[in-house]
Protein chains: 2
Amino acid sequence: MNAKEILKSHILKTAQLNDEQFDYLFSHFKPLLFKKGQAIISEGDKVEHEYFVVSGCLKAFFINDEIKMYILQFAMPTWWTSDYGALYNHTRATISVDCISDAEVLCLSNDDREKLCREIHQVEHFFRWRTNRGYLASQKRLLSFMNNDTKARYEELLTLYPQLYNLVPKHLIAAYLGVSRETLSRLYNAQK
Amino acid sequence: MNAKEILKSHILKTAQLNDEQFDYLFSHFKPLLFKKGQAIISEGDKVEHEYFVVSGCLKAFFINDEIKMYILQFAMPTWWTSDYGALYNHTRATISVDCISDAEVLCLSNDDREKLCREIHQVEHFFRWRTNRGYLASQKRLLSFMNNDTKARYEELLTLYPQLYNLVPKHLIAAYLGVSRETLSRLYNAQK
DNA sequence: GGCCTTAGGTGATCTACATCACATTCTGCA
DNA sequence: TGCAGAATGTGATGTAGATCACCTAAGGCC
């Protein structure tokens with residue numbers, strides 16, 4: 001499947017769009033290719049776009065005190081990512097996005113999303129549904145943070161996204177779990 | 001302001017509805033009164049509704065191992081709450097909602113929300129925007145959890161919601177911050 | 001008003017995890 | 001192919017916060 005087909009099947013799961021409508025929608029997306037390690041959004045940038053991942057893996061992260069990195073989201077194919085706070089409030093990026101592997105993405109501007117939502121009711125429906133998913137995932141993660149210890153969260157992550165284990169270096173998994181890489185290393189070496 | 005006016009001014013900030021449309025929308029809401037301590041959603045319940053707070057204060061919480069309570073959200077006037085996971089996925093409640101003080105709420109069923117979103121584009125717009133807010137708040141809280149220690153999170157909470165300090169017992173604030181009541185007590189007694 | 005339940009404070013102790021320090025691979029690339 | 005930097009493992013030690021135990025104060029309510 002190419003990028004257009006992947007986006008189409010992703011959106012049609014939720015919204016009813018005819019071909020003409022989808023083509024119109026799609027015409028607002030810009031395909032982009034990135035190399036492993038490349039930055040897409042850096043702290044302090046103006047943020048005008050959000051990104052739909054076609055292939056590869058991105059990470060959205062926050063860096064505290066110029067030292068510690070916390071990963072908010074690994075963005076896998078069919079996931080969306082951006083610094084949504086900055087995007088919606090027209091502020092500078094506090095969250096950065098870069099590529100864990102080579103990646104193919106579709107890029108949509110905030111203005112175009114809002115325009116499309118106004119023009120096509122079903123597009124607004126799709127984005128409501130999508131944000132909903134994100135909200136529920138975020139709440140679930142918050143609960144998991146409060147409720148579980150690191151080991152349980154590590155196992156939960158691997159159950160949820162088994163691909164991550166091979167794709168993503170361990171220190172990034174630690175940054176997602178919010179523990180030091182040393183602690184994570186000890187954890188899964190102890191449990192043989 | 002009465003319940004209808006409060007909801008109206010809340011929604012009109014985001015969506016453009018004429019009086020007729022708003023009256024139609026409002027006709028799907030059911031006003032309810034609750035007493036301090038009363039449960040609105042209990043673990044295991046079928047969840048069919050979400051709730052808009054007109055006055056008073058609710059909490060949405062999760063209880064782990066029948067012992068520890070974690071508060072996901074304090075719901076103040078003009079906030080919405082429910083067990084959204086259960087509501088959208090038609091599963092039983094894992095999150096409970098009850099009243100910290102006497103409360104007046106407006107109750108909307110999931111079916112009616114979806115129907116209204118289908119019928120009135122601006123209503124869908126409103127709910128997209130609302131979920132968005134929730135998503136951003138939840139992400140921010142997640143980051144704060146990873147990044148800050150308890151004391152910083154406590155101060156952040158009081159800055160964000162100064163009313164809570166008087167309204168809400170301290171052990172509930174501890175349950176929101178995800179620390180023991182003892183630790184919280186020591187924290188703010190030490191800082192004189 | 002008295003009683004019981006709930007809220008809150010405080011000391012002693014325990015523990016998960018951070019931090020620092022250093023050794024050991026692995027990997028990309030000149 | 002060899003070398004620098006990144007990723008990972010592992011010990012020693014420090015610390016925030018949990019847990020347990022107990023005490024006091026403050027509400028509801030008969």
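Computed from heavy atoms alone, side chains included, the values below leave out hydrogens, waters and symmetry copies. Lettering of chains follows the sequences in order, A, B, ..., and the numbering in each one begins at 1. Only a predicted model underlies this, so the values are computations on that prediction, with no experimental measurement involved.
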Whole angstrom is fine here: how far is it from [atom1] in [X] over to [atom2] in [N]?
X	N	atom1	atom2	answer
A:Asn189	C:dA23	CG	P	19 Å
A:Lys68	C:dC17	NZ	P	14 Å
B:Leu172	C:dA7	CG	P	7 Å
B:Met146	D:dA16	CE	P	21 Å
A:Lys170	C:dC26	NZ	C1'	13 Å
B:Leu184	D:dT19	CG	P	15 Å
A:Asp149	D:dG17	CG	P	17 Å
A:Leu187	D:dT10	CG	P	13 Å

Compare the minimum distances between each of [options] and the side chain of [X], then state the nucleotide with the smallest one.
X	options	answer
B:Pro169	D:dT19, C:dA7, C:dG9	C:dA7
B:Val179	D:dC22, C:dC22, D:dA18	D:dA18
A:Ser180	C:dT10, D:dA18, C:dA18	C:dA18
A:His171	D:dG9, C:dG8, D:dA7	D:dA7

Short side-chain N/O contact to [N] OP1/OP2 from [X], under 4.0 Å:
X	N	value
B:Ser185	C:dG8	no
B:Lys36	D:dG28	yes
B:Tyr188	C:dG9	yes

Select base, sugar-phosphate, or nothing to describe what A:Gly37 touches, counting heavy atoms under 4.0 Å on all strands.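 Contact class for A:Gly37: none.
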Does B:Arg186 contact D:dT19 through a side-chain donor or acceptor facing the base, at a distance under 3.5 Å? yes
Going hydrophobic residue to hydrophobic residue with side-chain gaps under 4.5 angstrom, can you get from B:Ile100 over to B:Tyr70?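 Not linked; separate clusters.
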Hphob cluster co-occupancy, A:Leu72 + A:Trp80, side-chain heavy atoms under 4.5 angstrom: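 Different hydrophobic clusters.
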Pair B:Lys8 + B:Asp23: basic N to acidic O under 4.0 Å: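 No, no charged N to carboxylate O under 4.0 Å.
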Taking for each residue the nucleotide of DNA chain D bearing the nearest heavy atom, is the 5' side occupied by B:Asn148 or by B:Glu182?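 Its nearest nucleotide lies further toward 5', so the answer is B:Asn148.
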Indicate yes or no: at least one non-hydrogen side-chain atom of A:Cys99 is less than 4.5 angstrom from one of A:Lys36.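 Of all side-chain heavy-atom pairs linking A:Lys36 with A:Cys99, none is under 4.5 Å.
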Within the structure provided, determine whether A:Glu50 and A:Tyr84 are in side-chain contact (heavy-atom separation under 4.5 Å). yes
